[in-house]
Amino acid sequence: MERLIIKSDQIHTWLAKIIETVPRVLAPVKTGSKAEFKEIKDAGSVAYDVITTTSSVKASAFPNTETLFAYEKQGTDTKIYDVAEENFLDTVIWRARPCDAVGFGPLTKIFNWDYKDKLYNERFSRLVVVSFACDKADGCCFCTSVGGGPGNTAGSDIMLTKINDKETLVEVLTDKGQKLIDLCKDCFTKADDSIDKESVLAKIPVRFTREQIHEKLAKSFESPIWKAQSERCLGCGACAFVCPTCACFDIQEGAHGNHGRRVRCWDSCGFTLFTQHTSGHNPRPTQATRWRQRVMHKFSYMPDRLDIYGCTGCGRCSRACPVDMNIAEHLTNIANNE
Amino acid sequence: MSKLSEKAATLLSEGTVKMIIGYEQGTERPRPAFCHKPEDCERLIFNDQCSNNLAVYLTKKEIIGEDKVGVVGNYYVIKTVIQLNRENQINLQNLVVMTVDGDDIITFGSIDEMQQYVDTHEPVPNEKVLAVIEKIDKMSRSERWDYWKSELSKCVRCYACRAACPLCYCNRCVTEVNCPQWIEPWAAPLSNMEWQINRVMHMSGRCVGCGECAAACPLELPIGILTKKMGMDIKNTFGGWKDGSVLSTYNVNDKENFIK
Amino acid sequence: MEENNNNIFEPRIIAFVCNWCTYAGADLTGTSRIKYATNVEIVRFPCTGRIDFMLLLKAFAGGADGIIISGCHPNDCHYTSGNFHARRRWMVFRDMLDFMGIDIERIRWSWVSAAEGAKWADVVNDTVGKIREMGPYTEYKKAAKFLEEEKIIHE
Amino acid sequence: MKLGFYPGCSLNGTAREYNESVKALAPVFGIELIDIDDWNCCGASAAHAVNRDLSLALPARTLALAEKQGFDEIVVPCAACFNRLAVAQYELNKDEMLKKSVEKSIDMTFNNDIKILNVVQFIDKYIKDKILEKISHKFEHQVACYYGCLLVRPNKIIDFDRVEDPTSLDELMQLIGATPIDWGFKTECCGASLSIARTDLVAKLSGNIVKDAADRGAEAIIVACPMCHSNLDMRRPQIDEYVGEKISTPVIYITQAIGLAVGIAPEKLGLQRHFVKVNTL
Amino acid sequence: MSKIGVFICHCGENISATVDCERVAKSASEMEGVAFATDYKYMCSDPGQSLIKNAIREYHLDGVVVGSCSPRMHEPTFRRACSEAGLNPYLCEIANLREHVSWVHEKSEATTLKAIDIVKGVVEKVRRNKPLNAIEVPITKKALVIGGGIAGIQASLDIANCGQKVILIEKGPSIGGHMSQLSETFPTLDCSQCILTPRMVEVAQHPNITLYTYAELEKLDGFIGNFKATIRLKAKSVDYNKCTGCGLCTTKCPQKKIPSEFNEGLGTRTAIFTPFPQAVPNKPAIDKEHCNYYQKGKCKVCQKFCPTGAIEYDKPDEFITEDIGAVIVTTGFNVLKTDFFPEYGYGKYKDVITGLQFERLASASGPTLGEIRRPSDGQIPKKIVFISCCGSRDPAKGIPYCSKICCMYTAKHAMLYQHKVHDGESTIFYMDVRAGGKNYEEFVRRAVEEDHVNYVRGRVARVYEKNGKLIVKGVDTLLGAKPVEIEADMVVLATAGVANKGAEELAQKMHISYDPYHFFAEAHPKLKPVETNTAGIFLAGACQAPKDIPETVASASGAAVKAVSLLSQPTLVREPIVAVVNRCAPPMFSTCVGCFMCETICPYNAIEHEEIKDRRTGKVIKTVAKINPGLCQGCGTCVSFCRSKSIDIQGYTNEEMFAEVTALLNK
């Protein structure tokens, strides 16, 4: 919508204003050698020197553990309590990456394709995403291969791109974004049309295209490549839990005496138990079939059914994997598989 | 071709084993490698960076199948094989256990040989881990509670710690038992702690100290500290224990000072 | 029942005892008409070896302020060695809990034989007194009520 | 090797020769004994009979000082001192409250984990193994080893040797070439607690001991306690009177006997200081 | 939805005096899953039980909670009532409102609330209880008696006379035990061998008794009614089928200086020997440790002289396995040797002897043919000192218990001595004289009054030799702690009775408990004095604690009755409180991963390996644990150890206990 410039030293002033005004601001905060999105109360606590956080920011709309409703037995009656979504907090996600922002796309589709998930939608509607374009990338980044890019604005409300040490380009993309700009109007000036955003972005080679993968997958359900690729996979849920688009969940009961809650919590298709039937039968009995499911779901089933890919190329799963299941590497092999 | 690759290729080509599990170079550090054909073996490497505990694959039927396999592992792999053997989880007949020592490739002929190797090659303790333990030990009780509560609140229950641990081989983990629901299955501060307490109790006397649980944690939670500390406590309390289990054995002379 | 009329904190304490020694010992306390505090409720197990460490954590999570574990004295186990195994389990478990900052002072371990009716009363009164002084185990209960604390609900 | 040394009052008085012989013996085996600075009475003579607090505080102060002066182990040659120190250490370790109150009265805190050795334990630990290689003059005499009442007591605290029939001195004497005799008075009372008040009783009790040793052909009586020594040696005229004969069997300290065996000059061991002359050895 | 009935008993006023029973019943009626709740004055009475039975029928109850006295009191009563009304008895549980509530608390709100809580906990447990069926086990009709002393002899004869088969094993070459060594017995002074040997012979000849001497228990597997005993038959080197017991070999054997065990070292025997003339079986065996042939490879004198060619040198130990229904352990005791007492001469003065040695001196069949002659020079001692409590009642010696028999035998010894040496002088140093027993005190009085035995109350500090005399230094505490010195010719120490060497090992073999002194432990000191904690294994005699002959014989008969009452049942019914390893659908079959770390946990060796095989191919899919319900005693230690929660214990399942604990706390 609008291209503005903010002096680098003004960014803190602006963020401080946001923190003061908005009930909750999430931003990357250092934890050990890595960083995670956490609520910040001080503009100084943001970690800018990391490429991405370990976990994605999806928990802001789809928490790891959330109550769906509560109940209480009173004599023979049962009382049901709903979640008070009006108490959900307006939230600014500060210093998201383009690959974080774009992740809300698949999530929103998953939570709305038939049943409109009220809790997700209520949480999501309260989010304002301020992304920072990437000037650096690592060996796990592959957004350009899945239709994204270091300056991709999709899903963001505002995108900041550091042009040089002094100036940062501010692209205001939505009304929600504009409201944040309005909090500190004096900090911004109009951007010159000559500012070339692309030139400062990280260079991330394209290793394959989504379409290539989509096409290959159509023929490779029975391919031995799944077994070969998944041999070292341990079957933990780290990849799914850090993924910005993985939305598998489990519904559990937290019951104590005569009262309890129904709880939704994250799950992973990589777990053996995920598809285990009560009978003992498991339609995905081996890690190979579960790995296949993970790739197929993101690159075949989702585009087919929801018209969107389930991967943003953020590379988090590769970074989190204890045995280096590098997804970009595996996808390249699939793309090149005869 | 390195000596290691040659040895592995020979084992495969001569049909001694059907598969070799070793290490190959990964994105940023070495990772597990599976060689089925002699030519796969060129990828094999072995260096200080090779930290994955490959023994984790030895209890996975779908990986090792019914055939004889070879494993070229680090110190902890050897130590784990000894423990897995004690726990009836592997068939030594179908296993060739190797390690690399300098230029030499050592093939172990028996558990005794492995034990001897393990006894004589103990790695130096990780100073960082010891320093954290010392730090925590010095905290007051409520500081320790706050520390662990805040650290473990971050846990997302992806169970990478469990998956990476070669001794967490249960078909059904206690976390998956729901009659009764011993541990609430969702991520929450207390259930996260309970999970770790269970993990540590289940590892007591069995843990080989490879630290893969901590290495696997995507959130870098200090869970390796727990097993390490447990190992140290057990060593202090029960002296050198060698039989691979503390909680399934006892000594009438066990000394405690809290049962009154 | 956390506070009575005099605003004295009344702790809730669960006792995990073995059937052969401490349960019988507590029976003897009864038959001897020795009085003790009402705060302790006894759960009977066949043997201390049967007491799962998770049950202790569940008791705390459920709101217990203190726990008593008691069984046969060493060498007196009805099953010869259940208490020896239990002793080891508690030795490891207790160290672990302490390292994690869980308040082991709230767990009283004891050997009470079938003949020690008076000792049982002492163990109970002692523990109740001590826990009463320590106050409710708020931090643990708070952690256990994570879901209740974090979310707000309406009808 | 440096060890702390607690002489106590006797070794500075009636048992000077004991002090001299211990101090002469130690360096032969590469050990330096360093007096605990500012040591005080062990509480044996009166305190332990009249005031429990004092009887614990006195040794506790010495133990705390030794600890502060950096000793891990201290050697206490006098059997009575040793007994007081060891008992105090045990009592205080058993009772946290008591320890706190004693710490308050001595105005020092301490860990109370110093190791206390009596002379026999000291020899057993640091000297016994090396004796054979140092022997130059075998001590080839028949001797009666006399332990007295305190040396290995209380057994549950010091857990050294057999309490009713100790043999540690016998073994040491055998090692340096002596022939210990079998006799019935190893642990009989010498009358030490009445040594001033009832010399008549001392004469009787000690007399029985000396007589039995002499009758069985002992050429010397070996002791490791200054009380025993003074009673068996200094009270010899009274003993002689009681038994009705003159017994000239000398009474020497274990440290003197070993000292002679490893070639230390008799004067350095204080052998000239005894009342019953040591001529025959 | 469960239908639990809750029945609150007033126990007269025992419960209702402090607990508001009506309110407890009312609260119970509002509890989840409770279909019926009531209170009643005496629930255990007939009308009370009828109340329960009627409610079960009327409300179709599927569980019963009785709030009453301790389950240790009336659990069986109420379970039987439930069973009679058609409800599985294991669906009935007791909430202990008397011993654990009303008797230990004052009347108050808190007391009633506690009662309600306890009921709630038990209700939640019962909601999860599963119906269980008692376990029936067949019984092998044969008893094994270990140890051929008087206890073993008596027990064997009693069982055999009831028509049951007995195997009696004895590790020595003859049965008879310590009793055969004794001279005369107190308080009647009848000759020990005269009353014992007929029984020994009876054992040998009884058709129901199989006697194995020179035999030891190697291994005991199995469980009550179904033990498997492996017995080592040590090679005797003599073929008893050929041997006639002529004794020629024993006269020819060149090794004649071996101290005789039977004579407590006071006499000698040969390498091929029968321990004593009346031995049963009265045939010799070769003691390999002292035999020239076995030690040096040369001799074979016995073989040369044996008229029947019965000597067989090369025969190895044999092992036999017997199915056994019940075991009686009668392995007896021993006495401390004199060398345990350095202050009394630690074994170096020949004339300081033990009481058992004195028995041999006094015995007509002993080395001195019954004359009291001291071992050093064969002189008749004119002054004897007896010291009682040598080791016993002395915590410093590690033996705090009383050896029980010494007071009596010391009195007897002094008496026998006075009878045989008329001008002799005997002194007994004692702490107390414990003469509880029929005619015991009278016996001691006789020693004092008629035989003028000098009793000195005090301890002896030291015994030493001087001029050929043993100087006994003691104290007379009844004369103002006056030191006493006696110049004795012989000193007899009443050394403590201690457990046999190897008792600990034997206990571990059989999985029975033992006390810190390695005496075997009875299941209950009063009410189960001959049972062990391991069902089917019984105790008799001095392997439990020092006992005199009458007590030993009584316990042996008691144990025999216990064994016979077990063997005479057609099958054995056991409480189904046993652990079970789960089984589930394939491909898992069981959540057990087969680590078998539970094997070392189980005190009863009840964990077995079960191979789960493919039905078609027969290939082993996995090996999982299985618990032998016959062996399992239901401690549940394996249950809480199992990491994957694959083991559970019936009656105390994880779900039940979890529910009970959380219910106590839930509001």
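Chain letters run A, B, ... following the sequence lines, proteins first, then strands; residues in each count from 1.
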- So, do B:Tyr57 and A:Arg232 sit near enough that their side-chain heavy atoms are less than 4.5 Å apart? yes
- For the pair B:Arg162 and A:Cys236, evaluate side-chain contact (heavy atoms from CB on, under 4.5 Å) and give the outcome as yes or no after the intermediate values. CA-CA 8 Å; B:Arg162 180 180 76 185; A:Cys236 75; over 6 Å; no
- Message: Please identify, among B:Pro185, B:Ala164, B:Ala215, the residue contributing the most non-hydrogen atom pairs under 4.5 Å to chain A.
- Response: B:Pro185
- Task: Under 4.5 Å heavy-atom distance to chain A, tell me which part of B:Glu24 shows up: side chain, backbone, both or neither.
- Result: side chain
- Do A:Gln287 and B:Glu62 have side chains that get closer than 4.5 Å, going by heavy atoms? yes
- Item | Interchain contact, B:Tyr159 with chain A, by part (heavy-atom threshold 4.5 Å) | both
- Shortest non-hydrogen contact from A:Gly235 toward B:Ala163: C-CB, 4.4 Å
- For chain B, find its close neighbours in residues 268-279 of chain A: heavy-atom separation under 4.5 Å, sorted by number, or none. A:Phe271, A:Leu273
- Just do the side-chain hydrogen bond (donor to acceptor under 3.5 Å, both in side chains) check on B:Glu220 and A:Ser33 with the steps written out, would you? CA-CA 9 Å; B:Glu220 296 184 303; A:Ser33 64; 2.9 Å; yes
- Query: Do you know which of A:Cys321, A:Ala238, A:Ala240 has the most heavy-atom pairs under 4.5 Å to chain B?
  - Reply: A:Ala238
- Message: Tell me whether the count of non-hydrogen atoms from other residues, nucleotides or ligands lying under 6.0 Å of NZ in B:Lys149 goes above 12.
- Response: yes
- Query: Between atom CH2 of B:Trp186 and atom OG1 of A:Thr67, what is the distance when rounded to the nearest 0.5 Å?
  - Reply: 8.5 Å
- Per-residue contact mode, A:Ala288 against chain B (heavy atom under 4.5 angstrom): backbone
- Given that the side chain runs from C-beta out, which part of B:Glu212 has a heavy atom under 4.5 Å from chain A: side chain, backbone, both or neither? neither
- Check whether more than 12 heavy atoms from other residues, nucleotides or ligands sit under 6.0 Å from atom NZ of A:Lys30, and answer yes or no. yes
- Task: Walk me through it: do A:Glu231 and B:Lys60 pass the test side-chain contact (heavy atoms from CB on, under 4.5 Å)?
- Result: CA-CA 10 Å; A:Glu231 259 176 329; B:Lys60 292 188 194 292; over 6 Å; no
- Got more than 12 heavy atoms from elsewhere within 6.0 Å of CG, B:Asp67? yes
- Who among B:Gln181, B:Arg157, B:Lys61, B:Arg172 has the most heavy-atom pairs with chain A under 4.5 Å? B:Arg157
- Report the C-alpha separation of B:Glu184 and A:Gln252 in whole Å, then their side-chain angles, then the decisive distance to 0.1 Å, and conclude whether the side-chain contact (heavy atoms from CB on, under 4.5 Å) test is met. CA-CA 9 Å; B:Glu184 288 168 342; A:Gln252 289 281 352; over 6 Å; no
- Message: At a 4.5 Å cut-off on heavy atoms, which part of A:Cys239 comes close to chain B: side chain, backbone, both, or neither?
- Response: neither
- Task: Would you mind checking which part of A:Val323 comes under 4.5 Å of any heavy atom in chain B, side chain (CB onward), backbone (N, CA, C, O), both or neither?
- Result: both
- Message: Counting only non-hydrogen atoms closer than 4.5 Å, can you tell me which residues of residues 26-36 of chain B sit against chain A?
- Response: B:Gly26, B:Thr27, B:Arg29, B:Arg31, B:Pro32, B:Phe34, B:His36
- Message: Within this structure, what is the OG-CD1 distance for the pair A:Ser230 and B:Ile63, rounded to the nearest 0.5 Å?
- Response: 6.0 Å
- Message: Could you check whether any side-chain N or O of A:Thr65 sits under 3.5 Å from a backbone N or O of B:Ala188, counting only pairs where one atom can act as donor and the other as acceptor?
- Response: no
- Query: What part of A:Asn64 is in contact with chain B, defined as an atom under 4.5 angstrom from a non-hydrogen atom: side chain, backbone, both or neither?
  - Reply: side chain
- Message: Taking the side chain as everything from C-beta on, heavy atoms only, tell me whether B:Val56 gets closer than 4.5 Å to A:Leu234.
- Response: yes
- Query: Just wondering, are more than 12 heavy atoms of other shown residues or ligands nearer than 6.0 Å to NZ in B:Lys18?
  - Reply: no
- Neighbour count >12 (heavy atoms, 6.0 Å) for atom NZ, B:Lys128: no
